[in-house]
Amino acid sequence: EDKVVQSPLSLVVHEGDTVTLNCSYEVTNFRSLLWYKQEKKAPTFLFMLTSSGIEKKSGRLSSILDKKELFSIQNITATQTGDSAVYLCAGTPSGTYKYIFGTGTRLKVLA
Amino acid sequence: DTGVSQNPRHKITKRGQNVTFRCDPISEHNRLYWYRQTLGQGPEFLTYFQNEAQLEKSRLLSDRFSAERPKGSFSTLEIQRTEQGDSAMYLCAIGGGEAFFGQGTRLTVV
């Protein structure tokens, strides 16, 4: 059965710290991996990764995929209180339209 | 603004009642998804439409759930004979390789 596992489940850091969020996946005929940020409402799209070893960056956020080891990491540098959220990753298998989400990592950034 | 409007934003209903939610993409999109999210969990896939055709449906979706997209634009999700376990956030999403979610409808069954 397809599954996506995220770690840690929760994380508390102070402003200015750097964090690494982990996502491992077992997805049939893997097609892509997506990262989302969810505050109190709907998930907001961050990145889509399809190729191994190519880093995607947006400001202080970056993400990379390792298709051999079946995982992805998301780094957030110089964290701010506004980064506090649940970060979700999702795998997309080929031959289906669904995204398989992990349970998320809850990040809290203290001032 | 993600380009998806969902109504209502909140719904409280008594167990056994039927409820219907609506999803309106602001612009034309071929692909439309419904997901359900409970507290502490990631979104769980319910169903997928390409235009008006429902091409995939989760096996977790019981017969009490039905979704339509009659003209390939807006979509509705109906839950019949609601149960307390149906309490969740129901999310609509549009997109191609990546999905963009609406604000969701929070359902509480009492």
Side-chain angles (χ1 to χ4, degrees), chain A residues 1-10 21-28 30-51 56 58 63 65 72 74 85-108, chain B residues 1-10 21 23-26 29-51 53-61 67 69 75 88-107:
Chain A
E1 185 179 337
D2 295 329
K3 65 179 179 180
V4 173
V5 178
Q6 294 187 246
S7 64
L9 291 181
S10 65
L21 312 179
N22 303 297
C23 174
S24 65
Y25 62 90
E26 293 178 24
V27 170
T28 308
F30 172 83
R31 182 174 51 185
S32 63
L33 188 132
L34 293 88
W35 282 96
Y36 286 85
K37 177 183 181 182
Q38 185 171 29
E39 296 171 88
K40 292 189 177 178
K41 39 194 178 179
T44 303
F45 173 75
L46 294 174
F47 301 114
M48 182 169 74
L49 304 162
T50 55
S51 302
K56 292 230 173 160
S58 177
S63 191
L65 177 68
S72 173
Q74 170 143 242
V86 174
Y87 290 83
L88 295 160
C89 73
T92 65
S94 292
T96 175
Y97 298 99
K98 62 183 161 187
Y99 304 156
I100 313 295
F101 280 87
T103 54
T105 293
R106 182 174 294 278
L107 173 66
K108 186 171 178 65
Chain B
D1 181 10
T2 60
V4 183
S5 175
Q6 290 191 245
N7 288 287
R9 296 292 301 277
H10 302 274
F21 311 138
C23 171
D24 282 272
I26 292 173
H29 277 272
N30 293 339
R31 304 186 184 191
L32 186 145
Y33 309 80
W34 284 98
Y35 281 80
R36 176 174 65 187
Q37 188 175 24
T38 54
L39 201 61
Q41 300 297 314
E44 176 185 36
F45 173 79
L46 293 178
T47 192
Y48 166 74
F49 287 89
Q50 187 154 314
N51 299 313
Q54 187 175 22
L55 295 186
E56 190 169 354
K57 189 173 170 180
S58 169
R59 66 178 185 275
L60 301 173
L61 213 60
R69 195 180 185 201
S75 177
M89 175 78 85
Y90 289 83
L91 296 162
C92 177
I94 57 173
E98 64 273 14
F100 296 95
F101 287 87
Q103 295 303 306
T105 294
R106 183 170 295 282
L107 173 67

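Naming: A, B, ... by sequence-line order, numbering from 1 per chain. No hydrogens, no waters, no symmetry mates; every other heavy atom, side chains included, goes into these values.
Side-chain contact check for B:Ser75 versus B:Gln54: every heavy-atom pair is 4.5 Å or farther apart. Looking only at side-chain heavy atoms (C-beta outward), A:Leu65 and A:Phe30 come within less than 4.5 Å of each other. No side-chain heavy atom of A:Gln74 sits under 4.5 Å from any side-chain heavy atom of A:Cys23. At least one side-chain heavy atom of A:Cys89 sits under 4.5 Å from a side-chain heavy atom of A:Val4.
In this structure, chain B has a heavy atom under 4.5 Å from the side chain of A:Tyr36, while its backbone stays farther away. Looking at B:Gln37, only its side chain comes within 4.5 Å of chain A, counting heavy atoms on both sides. With a 4.5 Å cut-off on non-hydrogen atoms, A:Gln6 does not touch chain B at all. Using a 4.5 Å cut-off between heavy atoms, B:Gln41 touches chain A through backbone and side chain atoms alike. With a 4.5 Å cut-off on non-hydrogen atoms, B:Glu44 does not touch chain A at all. Neither the backbone nor the side chain of B:Ala93 comes within contact range of chain A; no heavy atom of the residue lies under 4.5 Å from a heavy atom of that chain.
Interface check for chain B: of the options A:Tyr97, A:Phe101, A:Phe45, the most heavy-atom pairs under 4.5 Å are formed by A:Tyr97. Heavy-atom pairs under 4.5 Å with chain A peak, among B:Met89, B:Glu56, B:Arg106, B:Arg31, at B:Glu56. Per-residue counts of heavy-atom pairs under 4.5 Å with chain A were compared for B:Gly104, B:Gly95, B:Ala99, B:Ser58; the largest is that of B:Ala99.
Side-chain contact annotation: A:Thr50 with A:Ser32, donor-acceptor N/O pair under 3.5 Å absent.
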Step by step, would you call A:Trp35 with A:Leu49 a side-chain contact (heavy atoms from CB on, under 4.5 Å)?
-> CA-CA 8 Å; A:Trp35 282 96; A:Leu49 304 162; 4.0 Å; yes
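Taking a 6.0 Å sphere around NZ of A:Lys41, one finds it holds 12 or fewer heavy atoms contributed by other residues, nucleotides or ligands.
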